[in-house]
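Presented below is the structure to which this report refers.
Note that the coordinates shown come from a computational prediction; the quantities given were computed from them, not determined experimentally.
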Amino acid sequence: MVASLSHWQRLNSWLLAAFAALLVVVSLGYALVPLTVAVLAVVGVVLSPGVFKRFGVVDREDGLWCLALLAFAGLWLWDVWRTGTWPVGEGNQGILLPLWPVLAAALLIWLRGHRPLPWHWWIGVCLGAWTVGGIALYERLALDVSRADNGMNAIPFGNLSLLLGGLSLLAALWWARASGLSARWRRFGVALAVGAAMSGILASLLSGTRGGWLSAPLLLWLCYRTGREVLGAALQRWWQGGMLAVSLLLASVVVLPQSGVIDRVTLAVDNVQQYWQQDQRGSSVGLRLEMWRSGWALFQERPVTGWGEGQLEAARDAMVAAGELHPGVSAYDQLHSDIIDTTARRGLLGLASLLLLYGVPIFLFSRRLAHGNAGIQILAAAGLMVSLAFIDFGLTQSMLRDVRGLSGFLGLSLACWVLLRGEEARCGAISQPVNR
């Protein structure tokens, strides 16, 4: 028997929860869940009578988001066409990376037509954050590894863990304002979410991922601001105290020698000093600075369309052969910065598509931060948090060329959007924010 529309809605709800829970935990979680949703969408379109009527809810804002996704994908595919080279990602897992934004646009339309429910999503976020914290503690304490990574690159592991932690703090706000639950269950949900937040943030610290830590104050401020907006006076005092406790606990973890955070920060400072004062370019930070320098130089040579997939690496290696760069940069397939890598690879056209990919979600979510409905405000803050976090992550790492990074950005931001629009429909809200 063909599943009814309500069944599609429940399936979508649990699949979004599974995406958040498995993204960093399971090796293929970044791909299995989106592909499962895609298969179900195809089945739904083929077998469900009247399914196309559900897509009538798609509006101009959804179209704007799809336009940003397709523009980014289209320019990337054009780049592949002109050079004949596909990006492969770390471990050759991402050969179809340029097509992922196209899949995201299709899934946006499907999920908007069969809108999922938010409480599944928040459960998935918290489960993901709790799990990555447990993995990081096990690897550091039991396996005695220097940087927790769950068998992947430690940078995306740490960055995504931090983001799951920040989203879990917003989950605490959602549980605090959840209707239809007793006070006891709301308190339990808040405690579970706050614990998940600490677990995710701890995983990021134990991963030694320095670039992502710069976004931690911004994420905490966004959580604090959202709580101030959606909570009553009595709960606001609890929220302020909780945020202070989280900040103090984080500070205490940072200063512990066992965490390795101070050592990683000190090493970064030393690397910068050695690069500028002693011309020692082979350190971790030194190689990043070399890659950024090469990206800027290559962009100046081809500012409009850039060098292209594969050709960027060849041009960079030519600079190495000429003695202009440290040989260590040739070991990487990207320039450790989404902005620099995209601009050098696809020029100003690529930069424009990247800014559109970042800017459209920021614009759409920001419009709803002052909405009169608390659930919508919290989801808007969550979507804004995803975009701002990835901008920060992308300053020192090419997250959008990493399989989990690109999947995480597309999946997490898209989930926040379709959930938000579903809440607007359920509460009868209009698209325009309500001014306070």
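W175 and W185 have their aromatic ring centers separated by at least 6.0 angstrom.
Each side-chain hydrogen bond (donor to acceptor under 3.5 Å, both in side chains) pair with one or both residues in residues 158-172, not counting sequence neighbours, would appear here, but there are none. Under the side-chain hydrogen bond (donor to acceptor under 3.5 Å, both in side chains) criterion, the residue pairs touching residues 23-42 are Y30-Q93, with sequence neighbours excluded.
N150 places no side-chain N or O within donor-acceptor distance of the main-chain N or O of A136, the cut-off being under 3.5 Å. Checked by atom type and distance alone, the side chain of T131 pairs as donor or acceptor with a backbone atom of L127 at under 3.5 Å. A donor-acceptor contact shorter than 3.5 Å is absent between the side chain of S407 and the backbone of R404. Between the side chain of R288 and the main chain of T396, a donor-acceptor pair closer than 3.5 Å is present.
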Checking E424 against R115 for the salt bridge (charged side-chain N to carboxylate O under 4.0 Å, His left out) test, could you report, in this order, the C-alpha distance in whole Å, the side-chain angles of both residues, the deciding distance, and whether it holds? CA-CA 11 Å; E424 286 183 339; R115 53 181 184 262; over 6 Å; no
Decide ring-ring contact (aromatic ring centres under 6.0 Å, His included) for W65 and W417; before the verdict, give the C-alpha distance in whole Å, the side-chain angles of both, and the deciding distance to 0.1 Å. CA-CA 10 Å; W65 196 316; W417 176 247; 5.4 Å; yes
Is there a salt bridge (charged side-chain N to carboxylate O under 4.0 Å, His left out) between R421 and D62? Walk through the geometry before answering. CA-CA 10 Å; R421 297 309 304 276; D62 301 308; 3.7 Å; yes
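Partners of R82 under the salt bridge (charged side-chain N to carboxylate O under 4.0 Å, His left out) rule, at least two apart in sequence or in another chain, are D79. Legend: residues meeting side-chain hydrogen bond (donor to acceptor under 3.5 Å, both in side chains) with R187, ordered by chain and number and at least two apart, are absent. Among residues two or more places apart in sequence or in another chain, the side-chain hydrogen bond (donor to acceptor under 3.5 Å, both in side chains) test is passed with W76 by E309.
A salt bridge is absent between E139 and R147: the closest approach of a Lys/Arg side-chain nitrogen to an acidic carboxylate oxygen does not fall below 4.0 angstrom. One finds a salt bridge joining E61 and R368 here, because a Lys/Arg side-chain nitrogen approaches an Asp/Glu carboxylate oxygen to under 4.0 Å.
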Side-chain polar contacts of residues 352-366 - donor-acceptor pairs under 3.5 angstrom, sequence neighbours left out - could you list them?
from	atom 1	to	atom 2	distance (Å)
S353	OG	G350	O	2.7
S366	OG	I362	O	2.6

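Relative orientation of the W174 and W122 rings is tilted, given thresholds of 30° and 60° on the angle between their planes.
Using a 3.5 Å distance cut-off with no hydrogens or angles, the side chains of H336 and Q397 do pair a donor with an acceptor.
One distance of note links CG of L219 with CG of D392; it measures 8.0 Å at 0.5 Å rounding.
Summarising the geometry of D149 relative to A154, their closest heavy-atom pair is CB-CA, 3.7 Å, with the distance given to 0.1 Å. Contact detail for P116 and S13: the closest heavy-atom pair is CA-OG, 3.3 Å.
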